[in-house]
Amino acid sequence: MAGPDRLHHCPRPPARRRHRPKRGKHRTEEPDDHALGRSRGGLTAKIHLACDGRGRPLAVLLTPGQRHDGVCARPLPGRIRVPRTGPGRPRCRPDHVIADKAYSSRGFRAYLRRRGIGHTIPEKSDQKMHRRNRGRRGGRPTAFDSRIYRRRNTVERCFSQLKGFRGIATRYEKTATSYEAAVTLASLLLWAR
């Protein structure tokens, strides 16, 4: 049997520091917050989704629950990649974007116009009021077609189908990468139907 001094013969650092990655070698794809946000109800996560006209997911982005939708408006269309049946690079630009009032910022509309993407986004009431208060300097009202906007329910139906998977509706995964993998797997199953 070893004596009490034998326990500290080869001192080692504590277990939590033993396998720390070296400086500059940490993984960058995992966010620090793991896409978990704080709200009054507790921990929340938000799925930003782009889908096609048939309600099939094209791109997914995870953020903490308190993150505003307008912040994630630009990275989401950048994640769309639809491979072509023949030769050529994949399609990255949708023909038309239908979004709700959370995406109605002036910067996002300008971004869509620069990329040549048509859009139907309703304007918030305070944005209308500010534009009217500025008079001529406020500019023209944005074009809005209510017939096209009726098709926005395809996004909501896609979310309903995703929430049919219990693990997506109630996030069991701890890390953002594993939760995003689960959402991607559920999206693939929706495409396979």
Do [X] and [Y] have side-chain heavy atoms sitting under 4.5 Å apart?
X	Y	value
H119	R113	yes
H48	Y103	yes
I80	C92	no

ILVMFWY cluster, [X] and [Y] together (side-chain gap under 4.5 Å):
X	Y	result
L62	F165	yes
L188	V82	no
V155	L58	no
V183	L76	no
V97	I148	no

Take E180 and R79 through the test salt bridge (Lys or Arg N to Asp or Glu O under 4.0 Å) and record every step on the way to the result. CA-CA 13 Å; E180 188 171 5; R79 288 183 167 215; 3.1 Å; yes
Over all heavy atoms of both residues, which pair between [X] and [Y] is shortest? Give the atoms and the distance, please.
X	Y	result
R171	A45	NH1-CB, 3.5 Å
S178	T175	OG-OG1, 2.8 Å
Y149	D100	OH-CA, 3.6 Å
G167	E173	O-OE1, 4.1 Å
I98	H96	CG1-CD2, 3.9 Å
R106	G138	NH2-O, 4.2 Å

Kindly indicate, with the supporting measurements, whether the criterion side-chain contact (heavy atoms from CB on, under 4.5 Å) is fulfilled by E156 and R152. CA-CA 7 Å; E156 300 302 328; R152 195 189 159 283; 3.0 Å; yes
Take a 6.0 Å sphere around [atom1] of [X] and say whether it holds more than 12 heavy atoms from other residues, nucleotides or ligands.
X	atom1	value
K124	NZ	yes
R151	CZ	no
R166	CZ	no
R54	CZ	no

Could you walk me through whether F108 and I121 pass the side-chain contact (heavy atoms from CB on, under 4.5 Å) check? CA-CA 10 Å; F108 183 57; I121 305 171; 3.9 Å; yes
Can R56 and C158 be said to form a side-chain contact (heavy atoms from CB on, under 4.5 Å), step by step? CA-CA 6 Å; R56 297 175 299 192; C158 182; over 6 Å; no
Does the R84 side chain pair with the main chain of R89, one donor and one acceptor, at a distance under 3.5 Å?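 The answer is yes, because a donor-acceptor pair under 3.5 Å joins these two groups.
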Any side-chain to backbone donor/acceptor pair from R115 onto P94? Under 3.5 Å, distance only.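 No, because the side chain of R115 does not come within donor-acceptor range (under 3.5 Å) of the backbone of P94.
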Determine whether the side chains of T177 and Y179 contain a donor N or O and an acceptor N or O closer than 3.5 Å.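 Absent: no donor and acceptor within the cut-off.
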Rounded to the nearest 0.5 Å, what separation is found between the CZ atom of R157 and the SG atom of C51?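 Atom-to-atom, R157:CZ and C51:SG are 8.5 Å apart.
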Salt bridge (Lys or Arg N to Asp or Glu O under 4.0 Å) partners for R109, two or more places apart: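 Scan of R109 (salt bridge (Lys or Arg N to Asp or Glu O under 4.0 Å), adjacent residues dropped) gives none.
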So among L61, T63, I168, which one has a side chain to side chain contact (heavy atoms under 4.5 Å, CB included) with I47?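 Among L61, T63, I168, the one that satisfies the side chain to side chain contact (heavy atoms under 4.5 Å, CB included) with I47 is I168.
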Step by step, would you call M129 with R131 a side-chain contact (heavy atoms from CB on, under 4.5 Å)? CA-CA 5 Å; M129 185 183 63; R131 185 175 31 77; over 6 Å; no
Does anything in residues 183-193 pair up under side chain to side chain donor-acceptor pair (under 3.5 Å), and if so which pairs, sequence neighbours excluded?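 The answer is none; no pair qualifies.
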